[in-house]
Amino acid sequence: MESQFEHLKLPRIINIELPRRSSGGFGGQRRVNVSEHGKGLLDQLVPLVESVKQKNTPFRLDPKLIFKIKVAKEGSLQDDDLAKTGLNVLAREPNKAIVVFSSDTELKEFRKRLESYSRITDGPKYEYLGAIDELVPLEREDRIGRLLELNPVISGELAALDLELWHTGDRIEMKKYLDDIAEVLESLSNIAPMRMSDRYIGEYICIARIKVTHEVLELLLLEEMVKEIDRPPQPAFERTADYNLPISELPEVVVPSEENCGILVIDSGVQRGHPLIAPVLGETEVFPDTKRQFIKGGSDDVNGHGTNVAGIAIYGNVENCINQRSFDPTAWLFSARVTNENNEYDEDLLVETQLDQAIRAFVEQYPNCKVINISLGNANQIYRDGLKQFRLAAKIDEIAYQYQHKNIVFVISAGNAFYEEAESDEQLKTDYPNYLLKTSARIIDPATSAIALTVGSLSLGRGSITEPSDVRRQAIAKLSGYPSPFTRTGFGVDGMIKPDVVDFGGDLVLDLSYREGLGLPKTKILPDNVAGVSVVTLSKDFNSSLFQICSGTSFAAPRVANIAAQLFTKYPDASSNFIRALIVNCAVLPKEIPTQFQCQGKKSKSEHIKKRLAIYGYGQPDLQRAMYSAKNYVVLSEDNISIKVGYFHIYEIPQLPPEFFEVKGTRILSITLAFDPPTRPTRGDSYLGVKMEFDVFKGIDHAIIRNAYEATSKTSSPEESTDNTKEKLKKKYGAGIEVKMSPSSTIRKKGTVQRGQVEIFPQSKKYDKGNMTLVVTCNRKWANPDEIVMQRYALVASISHSNPQVDLYNPIQVQIAQRNRERTRARV
């Protein structure tokens with residue numbers, strides 16, 4: 001990009017309210033025999049109530065009647081209706097089951113309404129109760145976490161476990177529950193050293209780290225207040241090896257300005273004495289092991305992983321720095337060490353506690369610490385369709401929401417996949433890249449975080465540096481921009497596009513000449529130090545080698561973190577939403593991608609797009625495109641905008657100049673929306689409490705669009721309003737008024753950062769008929785209307801032409817200035 005211009009402001013026209021309509025009641029077919037159905041539900045109440053009366057808990061917990069409501073396939077039960085029935089919603093499962101509790105162990109109000117519903121007594125019909133299929137108790141198996149299921153506690157083992165309780169919304173009550181459990185465990189310490197070593201009570205999560213025997217675990221699994229018990233997560237790191245590049249003289253490090261943004265690397269620490277780290281190191285600490293009993297050696301990096309990640313975070317492309325013999329770090333470095341020399345978390349502490357304390361300590365003390373890189377993941381917690389949000393990912397989203405005023409951006413690696421189904425390493429090559437779409441290769445906790453930027457990995461497209469002409473040394477991905485053989489893929493919670501973006505993380509090389517056993521030909525994966533396909537970064541053992549090479553998604557994430565930091569440095573007052581929107585909007589798909597992900601026909605186009613999104617997300621970020629506009633590339637943006645939930649905003653995209661259509665080339669329109677809503681991991685119906693989306697129209701006056709949205713909103717719920725309005729407008733004014741972007745709104749609207757793109761062809765209709773209209777809508781899911789009134793967001797639109805001689809910037813800038821003058825005169 002030869003020219004560098006500042007981005008332009010996206011003109012906003014108006015904002016209009018979409019009134020919220022009641023959507024309670026039974027959403028599907030009515031019950032044929034209401035009386036029989038109601039009496040059946042009443043019969044199911046009896047064993048639920050009796051079980052609480054007969055319960056004798058050894059942990060002194062007050063009895064709570066907690067059970068599961070199975071909802072009919074076509075039915076719906078609203079939180080408000082359940083509250084009026086005397087039930088409080090604890091969680092909504094993806095299979096339409098609702099976990100509820102009642103402090104009234106007799107269920108008097110629920111029983112009263114069921115009797116009225118089934119016509120046993122006179123009164124209101126309470127038709128919404130027709131949505132209930134069945135009332136069932138929670139069983140022991142419902143409380144066993146996935147890691148515990150895979151690795152059960154055996155007899156004689158004293159296991160460190162994570163205990164999660166159902167959060168009733170009362171923190172004082174939850175504290176008492178934990179106190180009671182802790183006291184009982186202490187009283188049993190004469191049998192075994194059982195105890196509660198850590199705890200965390202948030203707005204929606206109540207968890208504790210406990211050490212218990214198999215026998216006590218079995219008792220806890222029978223407690224109604226226990227939501228889940230699981231093995232604690234362990235971090236997964238990649239292999240590393242020395243990159244022995246001789247440097248006779250290390251050039252002086254140019255220290256960045258004090259105003260530059262800082263990156264907090266939460267990892268295994270950093271090597272503070274490294275000559276390329278020391279000049280830009282702001283602060284390091286160990287969390288929260290203040291006594292240094294578990295993590296020894298202070299905040300220095302014993303393992304090396306944290307130093308590897310930090311080098312890329314502060315320098316970006318370290319290999320370029322070596323080649324140019326110039327080291328100009330673009331960000332300050334902060335480090336929180338959370339693992340010991342064996343890459344393990346402290347089994348006495350909750351990872352959530354470590355994360356919470358580390359982030360609060362740095363973000364509150366250092367205003368320029370705005371980017372947080374987490375290249376740790378739990379390889380056993382693989383996301384599968386239908387699951388609710390993982391706990392650590394949920395904690396990250398909670399912190400991001402609580403710290404909106406600090407505008408911090410989380411960047412998380414997607415995790416490394418292992419082709420478990422392969423019978424040999426050679427199968428990695430023959431089945432690549434198809435195996436990356438298997439369930440075993442899905443992203444892991446905490447990469448499913450909704451508000452973070454999740455980063456997958458790309459190959460550098462290089463072969464082995466040892467015996468490069470030997471055909472037996474085979475790189476798997478080979479081409480630059482192909483997905484790394486170990487990258488993890490999407491989608492995420494509720495079908496969100498994950499990873500959001502990708503960047504270089506390396507490749508794997510097979511040695512086809514390897515033999516063992518009977519001398520039969522076999523293969524093995526070469527270590528990084530001979531592969532030559534890895535990412536260059538800094539080494540913890542700097543006295544013997546300043547640099548090291550590594551492969552893994554862990555080293556793709558800090559490249560994106562570095563971009564985020566540079567954008568914060570340029571835009572110090574930007575919101576975290578704006579930074580995320582710029583990064584996603586500027587992302588481009590690599591020039592070369594495997595044929596499996598190329599769109600080769602209309603019939604398979606949608607399926608190929610989904611596969612591509614699961615692998616690449618929105619593409620690889622381009623810093624220059626994010627930071628600057630150009631003569632042939634114009635970015636229009638709005639930041640720190642607040643919209644009332646249930647409202648919509650209308651923007652206009654200026655008329656495209658004639659040269660845009662007349663000159664041959666590729667023409668792209670891109671729109672990116674980013675917002676940071678409240679989240680709740682117990683909601684299987686919608687992890688996000690507020691949802692937003694956008695649509696673009698062409699060849700139609702914005703006043704017509706405004707009137708259409710206003711009219712439809714009076715007869716439809718907000719979510720229905722968007723779809724209904726589009727259909728009515730297209731029916732009246734032609735399907736050509738809608739700008740159909742990829743991915744479709746159905747796919748992209750599930751996430752908190754959404755991008756739609758369209759390639760504009762000269763023969764495309766109505767793009768030359770005046771300004772385009774961009775409509776942004778905001779709808780409530782479960783967020784409390786009394787607490788969540790406004791939702792903030794950022795918006796980025798870009799228009800580009802592949803011919804650098806096409807001038808888009810100046811004509812669009814003139815149009816915006818002229819429009820602003822007209823509006824100023826109109827107000828006067």
Side-chain angles (χ1 to χ4, degrees), residues 20-55 62-139 142 166-170 173 204 224-225 227 680 682-686 717 780-787:
R20 181 73 173 178
R21 296 175 70 249
S22 174
S23 56
F26 186 67
Q29 181 181 338
R30 304 285 179 179
R31 296 287 176 178
V32 176
N33 192 327
V34 171
S35 178
E36 183 179 337
H37 175 246
K39 290 176 182 178
L41 295 177
L42 283 166
D43 290 340
Q44 293 170 18
L45 286 184
V46 176
L48 293 175
V49 172
E50 289 301 316
S51 66
V52 174
K53 291 180 179 179
Q54 298 170 8
K55 182 70 177 179
D62 292 336
K64 279 280 193 288
L65 182 51
I66 298 175
F67 59 96
K68 190 181 293 186
I69 298 176
K70 292 187 176 180
V71 182
K73 185 177 181 180
E74 301 300 328
S76 63
L77 274 173
Q78 302 302 311
D79 290 8
D80 290 346
D81 287 330
L82 288 169
K84 294 171 185 175
T85 310
L87 302 174
N88 296 290
V89 176
L90 290 175
R92 286 185 178 264
E93 306 290 336
N95 60 0
K96 300 203 73 175
I98 307 173
V99 180
V100 297
F101 88 91
S102 174
S103 55
D104 173 15
T105 56
E106 297 292 336
L107 291 174
K108 294 177 183 176
E109 183 62 31
F110 192 17
R111 190 185 302 273
K112 174 184 172 183
R113 293 194 176 215
L114 278 175
E115 289 173 348
S116 181
Y117 163 76
S118 55
R119 308 299 184 264
I120 295 174
T121 60
D122 295 332
K125 294 182 179 180
Y126 299 122
E127 292 179 344
Y128 67 88
L129 295 175
I132 301 175
D133 257 357
E134 191 178 4
L135 307 174
V136 296
L138 290 171
E139 304 291 348
D142 294 322
W166 288 111
H167 201 313
T168 64
D170 186 335
E173 183 179 37
Y204 310 113
E224 278 80 4
M225 280 306 299
K227 178 178 183 289
R680 191 174 295 177
T682 57
R683 301 296 296 232
D685 55 337
S686 175
S717 67
R780 189 181 308 279
K781 298 302 289 185
W782 50 257
N784 190 329
D786 297 328
E787 298 176 1

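Judged as a side chain to side chain donor-acceptor pair (under 3.5 Å), and not counting sequence neighbours, T682 has no contacts. Looking at residues two or more places apart in sequence or on another chain, you find no side-chain contact (heavy atoms from CB on, under 4.5 Å) involving P47. For S686, the side chain to side chain donor-acceptor pair (under 3.5 Å) criterion is met by no residue, not counting sequence neighbours. Evaluation of the side chain to side chain donor-acceptor pair (under 3.5 Å) rule for E787 yields no partner, not counting sequence neighbours.
A pairwise comparison of heavy atoms in G123 and S116 identifies C-OG, 3.2 Å as the closest pair. The two residues L90 and H167 come nearest to each other via the heavy atoms CD2-O, 3.4 Å. Residues S118 and S35 approach most closely at O-OG, 3.3 Å, considering heavy atoms. The nearest pair of heavy atoms linking L87 to S102 is CD2-CB, 3.9 Å. Across all non-hydrogen atoms, the minimal contact from A72 to D133 is CA-OD2, 3.5 Å. Considering every non-hydrogen atom in both D142 and P137, the closest pair reads OD2-O, 4.4 Å.
One distance of note links CG of L129 with CG of L114; it measures 5.5 Å at 0.5 Å rounding. The distance from atom NZ of K70 to atom CD1 of I98, rounded to the nearest 0.5 Å, is 13.0 Å. Taking NZ from K227 and CH2 from W166, the interatomic distance works out to 5.0 Å, rounded to the nearest 0.5 Å.
D79 pairs in a salt bridge (Lys or Arg N to Asp or Glu O under 4.0 Å) with only one of the listed residues (R680, K84, R683), which is R683.
A donor atom on one side chain and an acceptor atom on the other are not found under 3.5 Å apart for Y126 and T85.
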Contacts under 3.5 angstrom, residues 37-46 side chains, donor-acceptor by atom type, not counting sequence neighbours:
| residue | atom | partner | partner atom | Å |
| --- | --- | --- | --- | --- |
| H37 | ND1 | Y117 | OH | 2.8 |
| H37 | NE2 | I132 | O | 2.6 |
| Q44 | OE1 | L135 | N | 2.7 |

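Put simply, the side chain of R119 reaches to within 4.5 Å of the side chain of K125, judged on heavy atoms. Using a 4.5 Å heavy-atom cutoff, the side chains of L107 and F67 are in contact. Side chains of I66 and M225 form a contact here, defined as non-hydrogen atoms less than 4.5 Å apart.
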### Task
Verify side-chain contact (heavy atoms from CB on, under 4.5 Å) between E93 and V99, making sure each step is shown before the conclusion.
CA-CA 8 Å; E93 306 290 336; V99 180; 3.7 Å; yes
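Here salt bridge (charged side-chain N to carboxylate O under 4.0 Å, His left out) pairs that include residues 101-116, with residues two or more places apart or in two chains, are K53-E106, E109-R113.
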